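These notes are about the structure you will find just below.
Predicted, not measured: the structure shown is a model, and the values here were computed from it.
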Amino acid sequence: MRNNGNGYHGNHQNQQNQQMNTTQNHQNSNQGYQEPVIEQVVSRTELLTKGQMKRLRAVLDERVEIHGRGNFPTINTRLIDLIRCLRTNMESVQVKARDTRLNGGAASFVASSNDFSYADLDLIFPIQIDDESDENAEKTIFDSIRDAVFMTIRELMPENIGKEKFDFETLKDVYIRKMIKVSADTDKWSLFSLNNEYGRCIELKFVNKMRRQFEFSVDSFQIHLDPILDDFEGCEQKKVTIESMFGDIHQAMNHLHERLIDTVKPEEIRGGGLLKYCHLIIRGYKAAKPWNCRKLERYMCSRFFIDFPDLISQENKLRNYLDSHFGTAFNGSTYDQWSSSGSDTDSEASTSQATTSSYLVAGQAKYDFLMLLYRVIDESTVCLMAHERHMTLNMIDRVAFQLSMQCYNPPNFNSGSSSPPRTTLFYLPPDAATWIPVI
């Protein structure tokens, strides 16, 4: 009995000791064990899908217009032909572009799986300056680029007009909307904006270095075009890369599809980022991080007033943005040709068959944009004294009032009559949602 008892007791004690040892070992192992950290791989690039390749082909195959001022003819060409011609002329002046990229709204249109309208056609040509410390080398490169752009414009002009007689200065005055050259430690680039009276300007950007190449995630896409430039007819079988300068291509794609506004380092966004932000809002986008929205607006307002410190520069920037993204005066006349890159109009906004309703829809979007800009500056500006803020708000209110009283005078391209067309005045009451014809 005692042996059995001792044996049972011993076995029971051994079981208890084993359980205690097992528990202690398990606790020790838990203390020394760390869960593996699974790092999510963030990719900046991915290949275009078959559907995206079809959209890219449509963009490059689209006929674009470069409008001449005065009696100069309109240049009408496919975007792919313009790119090829420019690349050839760059090589002829000994400037080598590392690649060619589609950027901006057109790139977002290609990336989007939903209906997405765009107004801008932005092309980026990364270039190399061998000796960046040599100012003469830099000047030579950018002067050569300028020559290549004007050579391209002259080649694309219609035949039988004696285009060879036009010098570069004439072409600059007639076909260039704006020219910019930036030379700094962190920025070396130049830009040529080709004139289009419907707001669908083609911007050619030649970049040696640029500190920031995007404002928000939805406009951060760059599509590398080199694989399809030489064999455009078979482009849908090629592998083309799309890159997001935002950093995470999948997150940027999600923001585009869900119509969300997000960015990184908002303090680096140039002053125009405030205008782009308001433009996205009126097109139905919303903040990806609503709790951070006011902070983002404050950053953008502060940067806007740093870059445009006086009332004149602020109004010039605002009017230029409105002209570039909503339309511009037609050949200096008193009427405006409205075009919108928002969801109100389709991507073929460059057609000359503009209707009165399209003028009003785009005019309404323009007015909404100004009122939203007024609210954001009023609520989120912390860097100005009260009277300075009021001066800016009064300027925006004045521009909006001029818009509300604008006489829309649609151009008639088919009529040869020299008599002035009938003018209709539209008014937008404060609480109304639509424009009301007055006379």
Side-chain angles (χ1 to χ4, degrees), residues 178 180-187 191 210-219 260-283 285-326 328-329 336 342 363-406 427-432:
K178 64 181 177 181
I180 298 174
K181 178 184 174 184
V182 177
S183 180
D185 292 338
T186 57
D187 288 283
L191 177 143
M210 180 177 288
R211 186 172 67 167
R212 189 177 183 101
Q213 300 187 38
F214 73 100
E215 292 169 332
F216 303 99
S217 60
V218 294
D219 64 11
L260 299 176
I261 301 174
D262 197 9
T263 190
V264 294
K265 298 182 180 179
E267 67 278 3
E268 293 182 358
I269 299 179
R270 296 184 297 272
L274 174 64
L275 307 183
K276 180 64 174 289
Y277 171 80
C278 293
H279 198 179
L280 289 173
I281 292 291
I282 67 166
R283 292 172 59 189
Y285 287 76
K286 57 184 182 293
K289 303 170 184 175
W291 61 89
N292 201 40
C293 188
R294 184 55 57 86
K295 182 179 179 181
L296 175 62
E297 291 178 357
R298 286 175 179 171
Y299 271 124
M300 291 187 296
C301 286
S302 297
R303 186 59 192 264
F304 180 81
F305 290 111
I306 290 173
D307 291 349
F308 309 104
D310 59 89
L311 202 61
I312 294 177
S313 62
Q314 293 166 18
E315 183 169 354
N316 287 339
K317 176 62 179 179
L318 177 58
R319 290 187 179 276
N320 288 336
Y321 188 90
L322 292 172
D323 287 346
S324 299
H325 294 81
F326 295 87
T328 184
D336 282 353
Q364 179 73 54
K366 197 172 186 180
Y367 186 86
D368 292 342
F369 166 81
L370 290 170
M371 291 298 96
L372 178 61
L373 177 64
Y374 185 103
R375 180 193 65 78
V376 172
I377 290 179
D378 187 34
E379 296 179 358
S380 300
T381 299
V382 295
C383 62
L384 295 181
M385 298 180 66
H387 75 279
E388 293 176 319
R389 185 174 73 253
H390 289 155
M391 289 174 62
T392 300
L393 294 176
N394 289 338
M395 179 270 292
I396 297 173
D397 194 48
R398 171 168 51 81
V399 174
F401 176 76
Q402 292 173 354
L403 171 67
S404 68
M405 299 301 293
Q406 177 69 48
Y427 172 65
L428 182 68
D431 298 327

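Arg294 has a carboxylate O that lies under 4.0 Å from a charged side-chain N of Glu379, or vice versa, which qualifies the two as a salt bridge. Under a 4.0 Å N-O distance rule, the pair Lys276/Asp219 qualifies as a salt bridge. The pair Glu215-Arg270 does not meet the salt-bridge criterion, since no charged nitrogen lies less than 4.0 angstrom from a carboxylate oxygen.
Heavy atoms only, all atoms of each residue included: Gly273 and Ile269 are closest at CA-CG2, 3.6 Å. Nearest heavy-atom pair, Glu297 versus Ser380, reported as atom, atom and distance to 0.1 Å: OE1-OG, 2.8 Å. Shown here for Cys301 and Ile377, the closest heavy-atom pair between the two residues is SG-CA, 4.1 Å. Leu370 and Ala400 get closest at one heavy-atom pair: CD1-CA, 3.7 Å. Residues Ala288 and Leu260 come closest through the heavy atom pair CB-CB, 3.9 Å.
Put simply, CE on Met371 and CG on Leu403 are 9.0 Å apart, with the number rounded to the nearest 0.5 Å. Once rounded to the nearest 0.5 Å, the distance linking OG1 of Thr186 with CE of Met210 reads 10.0 Å. Taken from CG in Leu372 to CD1 in Ile282, the straight-line distance is 7.5 Å, to the nearest 0.5 Å. Rounding to the nearest 0.5 angstrom, the gap separating the CZ atom in Arg298 from the CG atom in Leu296 is 11.5 Å. In this structure, the separation between CZ on Arg319 and CD on Gln402 is 5.0 Å, given to the nearest 0.5 Å. Taking CD of Glu267 as the start and CD1 of Ile306 as the end, the distance is 11.0 Å to the nearest 0.5 Å.
Leu318 has its side chain within reach of Met395: a pair of non-hydrogen atoms, C-beta onward, lies under 4.5 Å apart. Between Phe214 and Val264 the shortest side-chain heavy-atom distance falls below 4.5 Å. Contact check for Phe216 versus Pro266: no side-chain heavy atoms found under the 4.5 Å cut-off. Here the side chains of Leu274 and Arg303 are not in contact, with every heavy-atom distance at 4.5 Å or above. A 4.5 Å side-chain heavy-atom check between Leu322 and Val399 finds at least one atom pair inside the cut-off. With contacts defined as side-chain heavy-atom distances shorter than 4.5 Å, the pair Phe401/Asp397 does not qualify. Residues Leu280 and Val218 have side chains in contact (heavy-atom distance under 4.5 Å, counting atoms from C-beta outward). Residues Phe305 and Thr381 meet the side-chain proximity criterion, which asks for heavy atoms closer than 4.5 Å.
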Check against side chain to side chain contact (heavy atoms under 4.5 Å, CB included), Glu388 and Thr392
CA-CA 7 Å; Glu388 293 176 319; Thr392 300; 6.0 Å; no
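A donor-acceptor pair under 3.5 Å is formed between the side chain of Asn320 and the backbone N or O of Asn316.
Counting only N and O atoms by type, the side chains of Arg212 and Thr263 include a donor and acceptor under 3.5 Å apart. Side-chain atoms of Ser313 and Asp310 form a donor-acceptor pair, as typed in the model, at a separation below 3.5 Å.
Partners of Phe369 according to the ring pair (Phe, Tyr, Trp, His ring centres under 6.0 Å) rule, which considers only residues two or more places apart in sequence or in another chain, are Tyr321, Phe326. Met391 is linked by a side chain to side chain contact (heavy atoms under 4.5 Å, CB included) to Leu311, His387, counting only residues two or more places apart in sequence or in another chain.
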